[in-house]
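Shown next, in structure tokens, is the structure this report addresses.
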Amino acid sequence: MPAKAKADSKDEKKENVPKNVPQKSEEKDISKDSKDSKEDAAVEAYRAKLKEEREKITLTTRPHVALPLFIRYVTNFVVSNLGGFFKKPVVWLVLAPSVALWFALKLSLAPELFAPPVCGGKDGAILWQIEFAMIEASWWIILGILSSVGFGTGLHSGLMFLFPHIMQVVSAAEACRTTVGLVPWYQHPCKLDCSTVSGPRDDSTVTFLRLWALVTVPCMLWGFGTAVGEIPPYSVAKMARMSGSSDSEFEAEVEEAKSKTDLFSKMKIWTISFTEKHGFMGVFVLAAWPNAAFDMCGMCCGYLMMPFWTFFLATACGKGIVKVNGQAVVFVNLFGSWFFQVLASAVDSLNTTITGIVGKDFYLKDIVVKGREKLLNQFQLQSRMVPEKLFAGQAGDLDIKDIRNLYEKYDKTGDVAQRVLKEWDKDGNGEIALNELKDAASRTDGMVSLGALDPGAGQSILKMAWEMFVVGLVLFFVVSIVNQLARSQQQELDDAKVEEFSKSKGGDKKEAKKTK
């Protein structure tokens with residue numbers, strides 16, 4: 001057969017092969033893709049199973065699992081961070097010698113530099129003032145952290161400490177009739193003591209701006225702490241994204257919010273969209289007002305790999321400058337007498353209108369005035385002070401007459417004084433000594449209040465309910481933190497299991513190839 005005929009014959013055979021029949025290489029590719037998809041499905045199913053088991057880990061349902069995981073997480077965190085901290089040269093060359101010198105001066109070399117102030121007499125020594133400034137700043141920053149840390153389950157320290165402190169400062173300034181020399185610091189032994197003030201006591205300095213200036217520093221320190229407390233949601237989401245795994249907490253929140261139609265869920269979705277669109281300014285704006293959905297903003301910033309300092313500076317400026325000063329403005333006006341006079345005038349006008357309609361005077365203004373006076377008196381009972389302040393101007397210990405003078409503005413002064421004397425006169429000599437009263441001081445801040453000294457005050461249902469509410473908040477906060485850290489530790493272990501499972505699947509495939 002001629003060569004041309006043979007070539008034509010081969011071409012005809014090729015053309016007769018059906019086009020839709022895959023060649024051998026295509027069959028291998030399809031088979032490989034099918035096997036890979038099955039392996040990926042197996043890995044995802046295993047991951048979902050581990051996640052389902054992880055969600056069941058709580059301090060209430062599985063304490064034997066949650067507690068060891070929590071302890072392991074905290075231990076790893078402390079060891080890893082302290083290890084890096086102590087390796088820095090500045091710690092051993094600057095920080096450690098400074099701390100050693102500080103304690104040497106305080107305990108031996110120059111204790112007079114740490115002399116505390118005498119209220120109305122002299123200021124504290126220079127090193128005492130520096131040490132006090134660090135303690136005061138730490139107090140408010142830690143309270144701020146506790147208020148926002150915990151993925152929305154933080155301890156509401158603003159309602160429990162900061163806002164009552166603002167009310168106490170405003171009330172003290174009005175009682176002393178001046179703000180010049182008034183000490184507004186929470187931990188100071190001369191806190192809100194009228195003996196420290198100077199200048200004319202004629203209400204001329206009790207203005208809104210001066211009252212705001214007294215409370216703005218504690219507010220900003222607390223606000224800075226709330227910004228620090230927003231770091232954990234950001235860090236968790238960012239680390240999950242960097243590790244290549246999905247942030248299950250963030251994705252679960254988003255999916256849950258999308259499935260709901262309530263206002264709060266819509267706010268979450270809007271928060272995520274706004275943050276992603278506007279970056280630094282978006283975070284700043286969302287942090288600058290009491291935003292209940294801000295945790296989602298922090299998680300979103302981490303998930304979007306926003307640089308840490310961009311996120312933190314925007315959050316700190318929003319929360320620590322704008323939001324807290326806005327809150328300070330509101331509460332200074334709310335607790336101040338000027339605002340109350342405007343409110344009382346409005347109530348009096350309302351009462352006049354109602355009287356003209358129904359022909360009966362309800363004395364609404366008198367009711368509001370008496371209610372505020374009673375509220376302020378009750379608040380002053382809860383005002384905290386160092387025990388020494390109750391002995392200011394006293395030649396000796398507190399007898400029954402002195403105790404009556406302390407409670408003279410309150411109802412049933414005689415009965416209260418008798419109860420207080422009976423409760424705290426430990427040696428039965430008819431007087432309360434300073435060392436006896438120090439036993440009543442709180443272990444948290446070392447202070448007392450007139451209300452806390454009265455054992456009868458603790459019997460009211462309202463007070464018991466409030467104390468139970470506070471204890472419940474603290475317990476809920478602690479339990480939620482333990483649960484989340486335990487799950488975070490378990491997620492690290494689960495990620496390692498998933499990786500090992502994925503490798504084993506790849507190993508099985510290699511063994512199969514070797515067998516072939």
Side-chain angles (χ1 to χ4, degrees), residues 28-59 61-85 87 149-151 231-256 272 276 295-296 298-308 311 480-516:
K28 288 181 180 179
D29 290 340
I30 293 172
S31 176
K32 182 181 178 181
D33 292 341
S34 177
K35 287 180 180 179
D36 289 344
S37 63
K38 287 181 180 179
E39 289 168 6
D40 292 342
V43 171
E44 289 303 317
Y46 184 61
R47 191 194 303 274
K49 180 182 178 183
L50 292 177
K51 179 184 176 183
E52 183 180 354
E53 289 298 317
R54 188 168 62 246
E55 293 299 321
K56 296 177 182 178
I57 298 175
T58 66
L59 197 58
T61 57
R62 295 184 180 179
H64 60 289
V65 177
L67 278 177
L69 287 171
F70 169 74
I71 294 171
R72 184 173 176 179
Y73 182 95
V74 172
T75 303
N76 291 341
F77 179 83
V78 171
V79 170
S80 62
N81 284 275
L82 285 182
F85 177 75
K87 288 179 181 177
V149 76
F151 299 88
I231 294 176
Y234 166 86
S235 300
V236 168
K238 187 173 183 179
M239 286 188 295
R241 188 70 183 271
M242 290 176 66
S243 66
S245 61
S246 61
D247 181 12
S248 57
E249 176 115 14
F250 176 75
E251 291 179 349
E253 286 271 2
V254 173
E255 291 301 321
E256 183 181 1
I272 296 169
E276 189 172 3
D295 278 345
M296 291 300 298
M299 297 172 76
C300 178
C301 291
Y303 191 78
L304 297 174
M305 299 294 290
M306 178 181 286
F308 171 78
F311 166 75
S480 66
I481 290 295
V482 171
N483 290 342
Q484 288 172 2
L485 294 185
R487 288 171 184 166
S488 296
Q489 181 62 41
Q490 185 61 48
Q491 184 170 358
E492 291 184 16
L493 301 176
D494 290 348
D495 288 343
K497 289 180 181 179
V498 170
E499 186 176 355
E500 186 66 28
F501 182 78
S502 180
K503 287 180 179 179
S504 69
K505 287 293 181 182
D508 292 344
K509 186 165 66 175
K510 290 179 181 179
E511 289 296 329
K513 286 184 178 180
K514 288 180 181 179
T515 304
K516 288 181 180 179

Positive for side chain to side chain contact (heavy atoms under 4.5 Å, CB included) with R487, one of D494, T58, V482: T58
Between [atom1] on residue [X] and [atom2] on residue [Y], distance to nearest 0.5 Å:
X    : Y    : atom1 : atom2 : answer
L67  : R62  : CG    : CZ    : 14.0 Å
I57  : H64  : CD1   : NE2   : 9.0 Å
F308 : I231 : CZ    : CD1   : 4.0 Å
R54  : L69  : CZ    : CG    : 11.0 Å
Q491 : E55  : CD    : CD    : 9.0 Å

Side-chain ion pair, R47 and E44, N-O less than 4.0 Å: yes
N-O pairing of K497 and E500 below 4.0 Å: no
Which atom pair, heavy atoms only, marks the closest approach of [X] to [Y]?
X    : Y    : result
K56  : E52  : CG-O, 3.5 Å
P307 : Y234 : C-OH, 3.4 Å
P68  : P63  : CD-O, 3.9 Å
A66  : A486 : O-CB, 3.5 Å

Neighbour count above 12 (heavy atom, 6.0 Å) for R72 CZ: no
Contacts of type side-chain hydrogen bond (donor to acceptor under 3.5 Å, both in side chains), residue N483, not counting sequence neighbours: none
Side chain S502, main chain V498, donor-acceptor under 3.5 Å: no
By side chain to side chain contact (heavy atoms under 4.5 Å, CB included) - contacts of V79 (at least two apart): T75
